[in-house]
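Note on naming: letters A, B, ... go to the chains in the order of the sequence lines (proteins, then strands), and numbering restarts at 1 for each one.
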There are 2 protein chains.
Amino acid sequence: MKERQNIPKATIERLPLYYRCLDKLVTFEEVEVVSSKDLGGRLGIPSTQVRKDLSYYGEFGRRGVGYNVVELKKSVGKILGVDKLWPAVLVGAGNLGRALVNYSSFEMMGLEISHVFDSDLSKIGNSINNIPVKSTKILEKIVEEEEIKLGVITVPAEAAQEVATEMVEAGIKAIWNFAPTRLYVPEDIVVKNEDLAVGIVSLIYHLSWQEEIE
Amino acid sequence: MKERQNIPKATIERLPLYYRCLDKLVTFEEVEVVSSKDLGGRLGIPSTQVRKDLSYYGEFGRRGVGYNVVELKKSVGKILGVDKLWPAVLVGAGNLGRALVNYSSFEMMGLEISHVFDSDLSKIGNSINNIPVKSTKILEKIVEEEEIKLGVITVPAEAAQEVATEMVEAGIKAIWNFAPTRLYVPEDIVVKNEDLAVGIVSLIYHLSWQEEIE
DNA sequence: AATATTAAGTTAAAAATTTCACTTGAATAC
DNA sequence: GTATTCAAGTGAAATTTTTAACTTAATATT
């Protein structure tokens, strides 16, 4: 595999799309080979973009033929690191937290929410998808023992920083943050903000612009 | 307000962040004026980016002084179209759908989920956050009657296209799609894919890369 | 009142990303 | 066997986006 430098962020965001599409091709359609044009077409991405994205990591296709679906899926899975399951802790057993724990398609993407925590006594002890909700007091212990690297934050914005700090102290290296707030963490910790409210605004922006020009 | 052309998508994604930050400043801190440096600092965005983003829409600050927080919030809200509430229908009363209906911070961003639908008979009639779940059969009727423009899809991937088509036929103009699949809709319909599984992969990518260089 | 400082707005440069045009290689048709 | 078509890989061009440098305006300081 080539050096992983100077690779556009946008490329890394597209790779999971390729990966899931390839998975669909493997599972539902029994095609052996797919072209960049076909793969891109299914995702609304130009074929040349598909080829360029893949070219950052190596040569996966055969000229004049296309890509072997099974092989490419395996390769992209390896590139992304989703060829193994990454255990994760989730803090915040509210509606969103519960939804994520029950979300079935994460497993395919390498995510396994192994432990759920909350500070609310009324929630501790309940089970979500067969995972018991534990007190945040034992977060550190579990993260250390099981050497968990991934943390998911689904607490309200006010509590998010505290949870993040606890996670980092426990040894978490990457945080998926659903709280609508910025987290301050050491440089070597990766944070991905999944800001739901932001997503809707771009739609509203378009709607309100549409109305204006009507 | 200036022409809304050639404005980077990234800018439109940052405006909601400014908006929420300004809202916090208005509500919790009683500062009257904020500089681009301060505003950007709170969000991890360079001051020059903040100024450039705003400059696409007009002049909102005073040189040597900064931006009036209340005024700028109002201006950005107007730009985004979140100065009014946009009623929306949500289809798919599963875990994620329920989580979104209960998500309190949407209102600030102009989204009001007014109706919830599902095709599952066991779900119809239940209430989520005081909103009764209705049969998808009456989706079209309600969307037409109330002239609703916004649709949220939280059904499984297999059902998403069908729901999207129904929405479009009913008169929906913008779709917020949580199903991990591409939707085929007419050109004038805006779709925003909120692909949860994609978000986690960029974290896993970084983690697996980190391990490799250790 | 003149000067220094602060900070928005803007133009130009730099960087990043996408698209294009081309080359190479494989399969098929003639 | 040669020609044609298909499609990956790639370097360069075009585009987009960000960053930097500069100009202008407001306030505070001496």
Side-chain angles (χ1 to χ4, degrees), chain A residues 1-18 21-22 25 31-76 79 202 205, chain B residues 1-18 21-22 25 31-76 79 202 205:
Chain A
M1 206 173 287
K2 289 185 186 176
E3 290 298 321
R4 288 195 187 180
Q5 268 177 334
N6 304 325
I7 295 169
K9 278 177 208 164
T11 291
I12 298 165
E13 307 253 293
R14 278 188 297 266
L15 289 175
L17 300 179
Y18 302 152
C21 191
L22 290 164
L25 286 171
V31 284
E32 267 194 40
V33 168
V34 69
S35 69
S36 60
K37 197 179 165 189
D38 184 5
L39 184 57
R42 290 163 187 268
L43 298 163
I45 294 169
S47 64
T48 145
Q49 181 85 77
V50 174
R51 293 202 299 281
K52 174 117 292 182
D53 284 340
L54 294 173
S55 78
Y56 289 115
Y57 299 94
E59 301 188 9
F60 305 100
R62 289 182 67 200
R63 301 182 179 201
V65 185
Y67 301 93
N68 178 292
V69 177
V70 174
E71 270 181 36
L72 186 60
K73 189 199 154 189
K74 211 176 286 180
S75 299
V76 174
I79 291 167
S202 74
Y205 175 86
Chain B
M1 206 173 285
K2 288 184 187 177
E3 290 297 322
R4 287 194 187 182
Q5 268 178 335
N6 303 326
I7 295 169
K9 277 179 209 163
T11 291
I12 298 164
E13 308 252 293
R14 277 188 297 265
L15 288 175
L17 300 179
Y18 302 152
C21 191
L22 290 163
L25 286 173
V31 283
E32 267 193 40
V33 168
V34 68
S35 68
S36 60
K37 197 179 165 191
D38 184 4
L39 184 59
R42 289 162 188 269
L43 297 163
I45 295 169
S47 64
T48 146
Q49 181 84 78
V50 174
R51 294 202 299 280
K52 171 116 287 185
D53 285 341
L54 294 173
S55 78
Y56 289 115
Y57 299 95
E59 302 188 5
F60 304 102
R62 288 182 68 200
R63 300 181 181 203
V65 184
Y67 301 93
N68 178 293
V69 177
V70 174
E71 270 180 37
L72 186 60
K73 188 199 156 188
K74 212 176 284 178
S75 299
V76 175
I79 291 168
S202 74
Y205 175 86

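- A:Asp53 and A:Thr11 get closest at one heavy-atom pair: OD1-OG1, 2.7 Å.
- Annotation: the span from A:Arg51 atom CZ to A:Tyr67 atom OH amounts to 6.5 Å, rounded to 0.5 Å.
- For the pair B:Tyr57 OH and C:dT10 C1', the computed distance is 17 Å after rounding to whole Å.
- Here the CD-CG distance, from B:Glu13 to B:Leu15, works out to 10.0 Å after rounding to the nearest 0.5 Å.
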Write down the protein N/O and nucleotide N/O pairs, taken from nucleotides 26-28 of chain D, whose separation is under 3.5 Å; answer none if there are no such pairs.
unit_1: D:dA26; atom_1: O4'; unit_2: B:Arg63; atom_2: O; d: 3.0
unit_1: D:dA26; atom_1: O3'; unit_2: B:Arg62; atom_2: NH2; d: 3.2
unit_1: D:dT27; atom_1: OP1; unit_2: B:Arg62; atom_2: NH1; d: 3.4
unit_1: D:dT27; atom_1: OP1; unit_2: B:Arg62; atom_2: NH2; d: 2.9

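- In the region residues 42-54 of chain A, proximity to DNA chain C at under 4.0 angstrom, judged on heavy atoms, holds for A:Pro46, A:Thr48, A:Gln49, A:Lys52.
- Atoms CG and NZ, on B:Asn68 and B:Lys73 in that order, are 12.5 Å from each other to the nearest 0.5 Å.
- In this structure, the CG atom of A:Asn6 is 10 Å from the C1' atom of C:dA16, given to the nearest Å.
- In this structure, the separation between NZ on B:Lys74 and CD1 on B:Ile79 is 14.0 Å, given to the nearest 0.5 Å.
- Atom CG in A:Asp38 sits roughly 15 Å away from atom C1' in D:dA8 (whole-Å rounding).
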Output a table of donor-acceptor pairs, distance under 3.5 Å, between side-chain atoms of residues 40-47 of chain A and any protein atom two or more places apart or on a different chain; print 'none' if there are none.
unit_1: A:Arg42; atom_1: NE; unit_2: A:Asp38; atom_2: OD1; d: 2.9
unit_1: A:Arg42; atom_1: NH1; unit_2: A:Glu29; atom_2: OE2; d: 3.0
unit_1: A:Arg42; atom_1: NH2; unit_2: A:Glu29; atom_2: OE1; d: 3.2

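- We find that CD of A:Glu59 is positioned 11 Å from C1' of C:dG25, with the value rounded to whole Å.
- The nearest whole Å value for the distance from the OH atom in B:Tyr56 to the P atom in C:dT11 is 12 Å.
- For the residue pair A:Val76 and A:Leu22, the shortest heavy atom distance occurs at CG2-CD1, 4.3 Å.
- Within the 4.5 Å cutoff, side-chain heavy atoms of B:Tyr56 are placed close to those of B:Pro8.
- Atom CD of B:Glu71 is separated from atom P of C:dA8 by 14 Å (rounded to the nearest Å).
- The interatomic distance linking A:Glu13 (CD) with C:dT17 (C1') rounds to 14 Å, in whole Å.
- Closest non-hydrogen pair, A:Leu39 versus A:Cys21, comes out as CD1-SG, 3.7 Å.
- Rounded to an integer number of Å, the gap from CD1 of B:Ile12 to C1' of D:dT16 is 13 Å.
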